[in-house]
Amino acid sequence: MSLATASDLRIEPIPAYDDNYVWWLADGRTAVVVDPGDAAPVARRLSQTGLQLTAILVTHHHGDHVGGVEALVNATGARVFGPAAESIPCLRTRLKGGDRIEVLGHAFNVLDVPGHTSGHIAYHSESLGALFCGDTLFACGCGRLFEGTAAQMTESLAKLAALPGATRVYCAHEYTLANIRFALAVEPDNAQLAARKRACEALRAEGKPTLPSTIAEERATNPFLRCDVPAVRARAERESPGAAASTVATFAALRAWKNRF
Ligand code: ZN
Ligand code: FE
């Protein structure tokens with residue numbers, strides 16, 4: 001059996017709630033969704049396309065990511081993949097870091113990325129050049145620390161930042177412009193960041209998603225991946241004394257600053 005090439009497969013966002021994206025992956029016959037917080041827009045897409053939903057990939061247990069799972073399973077019988085360490089509706093395949101699954105002819109590696117929640121996982125497909133990272137890494141930002149520590153999140157983000165630069169980042173929320181405003185407060189002189197702001201503003205003005213981004217773009221502009229850059233450390237130190245002591249301390253200071261930004 002040969003693996004499908006990336007061109008066989010379409011990846012599209014289905015908007016849900018105010019700012020969630022349910023990612024839709026489809027070949028000519030079947031579809032898979034990631035983090036269906038709401039069943040209704042997915043059901044509409046299924047009936048519009050006539051495709052069969054075969055699998056649901058879940059990154060973590062929050063309602064805006066799993067709210068549609070049960071209704072979709074009842075309607076389609078799709079198999080649910082998700083984190084072994086969290087309580088996920090209809091979970092059939094329990095995953096942890098190092099596991100490998102095959103979906104739509106593509107292999108996906110499972111990464112443990114605790115921090116936002118303690119059992120959060122991400123899915124990376126080398127053949128697709130795609131990362132589905134839920135609420136861990138956002139475009140120019142990262143998830144809040146609801147269940148994990150700054151040290152855990154720093155390590156999780158480093159794991160994602162180490163993926164190939166061309167990897168497309170499919171995160172679960174359209175938070176990019178707000179994240180860029182914060183990033184510019186951290187690094188006002190980052191020219192790539194300024195360019196990113198203009199590009200993302202243009203996309204939003206046309207009603208288009210700012211996603212996916214790429215790992216290379218995140219490394220260059222996302223302050224939470226740049227906690228070892230001297231200018232970022234120095235800026236964090238000015239905001240909260242002691243923050244320059246380590247990468248984790250800088251991360252913790254930036255995350256706390258963003259929360260009150
Ligand atoms: Zn979440
Ligand atoms: Fe979320």
Side-chain angles (χ1 to χ4, degrees), residues 11-25 32-42 56-72 80-91 94-97 110-124 130-157 159-160 168-183 200 204 209-213 218 222 224-225 251-252 254-256 258-261:
I11 305 179
E12 292 165 355
I14 299 179
Y17 302 114
D18 286 343
D19 51 34
N20 279 77
Y21 291 128
V22 178
W23 290 104
W24 162 272
L25 291 70
V32 168
V33 288
V34 184
D35 285 354
D38 190 2
V42 177
I56 295 170
L57 308 187
V58 173
T59 63
H60 68 293
H61 68 84
H62 286 158
D64 62 313
H65 299 252
V66 302
V69 169
E70 196 176 348
L72 289 170
V80 180
F81 298 81
E86 296 194 351
S87 167
I88 307 293
C90 312
L91 182 58
R94 311 178 73 85
L95 300 170
K96 58 183 182 335
V110 177
L111 303 165
D112 279 326
V113 286
H116 177 69
T117 63
S118 59
H120 200 305
I121 59 173
Y123 301 86
H124 171 235
L131 170 71
F132 297 90
C133 51
D135 289 354
T136 297
L137 175 65
F138 289 131
C140 222
C142 75
R144 287 173 187 259
L145 301 178
F146 285 123
E147 298 173 9
T149 64
Q152 282 178 318
M153 192 61 142
T154 300
E155 193 182 328
S156 295
L157 292 173
K159 230 182 255 184
L160 301 182
R168 286 181 299 279
V169 177
Y170 297 91
C171 57
H173 289 273
E174 180 62 65
Y175 289 159
T176 314
L177 288 181
N179 286 343
I180 289 174
R181 277 192 291 279
F182 175 71
C200 289
R204 295 310 289 153
T210 59
L211 303 171
S213 65
E218 297 309 326
N222 187 327
F224 296 101
L225 300 188
F251 174 84
L254 290 185
R255 189 55 264 181
K258 172 72 164 63
N259 289 350
R260 59 180 191 267
F261 188 74

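Any value given below was found using the heavy atoms of this structure, including those in side chains, with hydrogens, waters and symmetry copies removed. Counting starts at 1 for both ligands and their atoms, following the listed order.
Taking the six-membered ring wherever Trp is involved, the centroid distance between the rings of H116 and H62 falls below 6.0 Å. Ring pair F138/H173: centre-to-centre distance below 6.0 Å.
Rounding to 10 degrees gives 100° for the angle at the Zn ion (ligand 1) between NE2 of H60 and NE2 of H116.
For the atom pair CG of N222 and CZ of F182, the computed distance is 10.0 Å after rounding to the nearest 0.5 Å. For the atom pair E155 CD and F251 CZ, the distance stands at 12.0 Å (nearest 0.5 Å). One finds the CG atom of L95 at 11.0 Å from the CG atom of L111 (value rounded to the nearest 0.5 Å).
Looking only at N/O/S atoms, H62 comes nearest to the Zn ion (ligand 1) through ND1. In terms of distance to the Fe ion (ligand 2), the nearest N, O or S atom of D135 is named OD2. Restricting D135 to its N, O or S atoms, the one at the least distance from the Zn ion (ligand 1) is OD2. Residue D64 approaches the Fe ion (ligand 2) most closely through its N/O/S atom OD2.
One of the N, O or S atoms belonging to H173 lies under 2.8 Å away from the Fe ion (ligand 2). For H65, the nearest N, O or S atom to the Fe ion (ligand 2) falls under 2.8 Å. For a distance bound of 2.8 Å, the N, O or S atoms of D35 include none lying that close to the Fe ion (ligand 2).
Residue W23 is tested with L57, V33, L211 for a side chain to side chain contact (heavy atoms under 4.5 Å, CB included); the sole match is L211.
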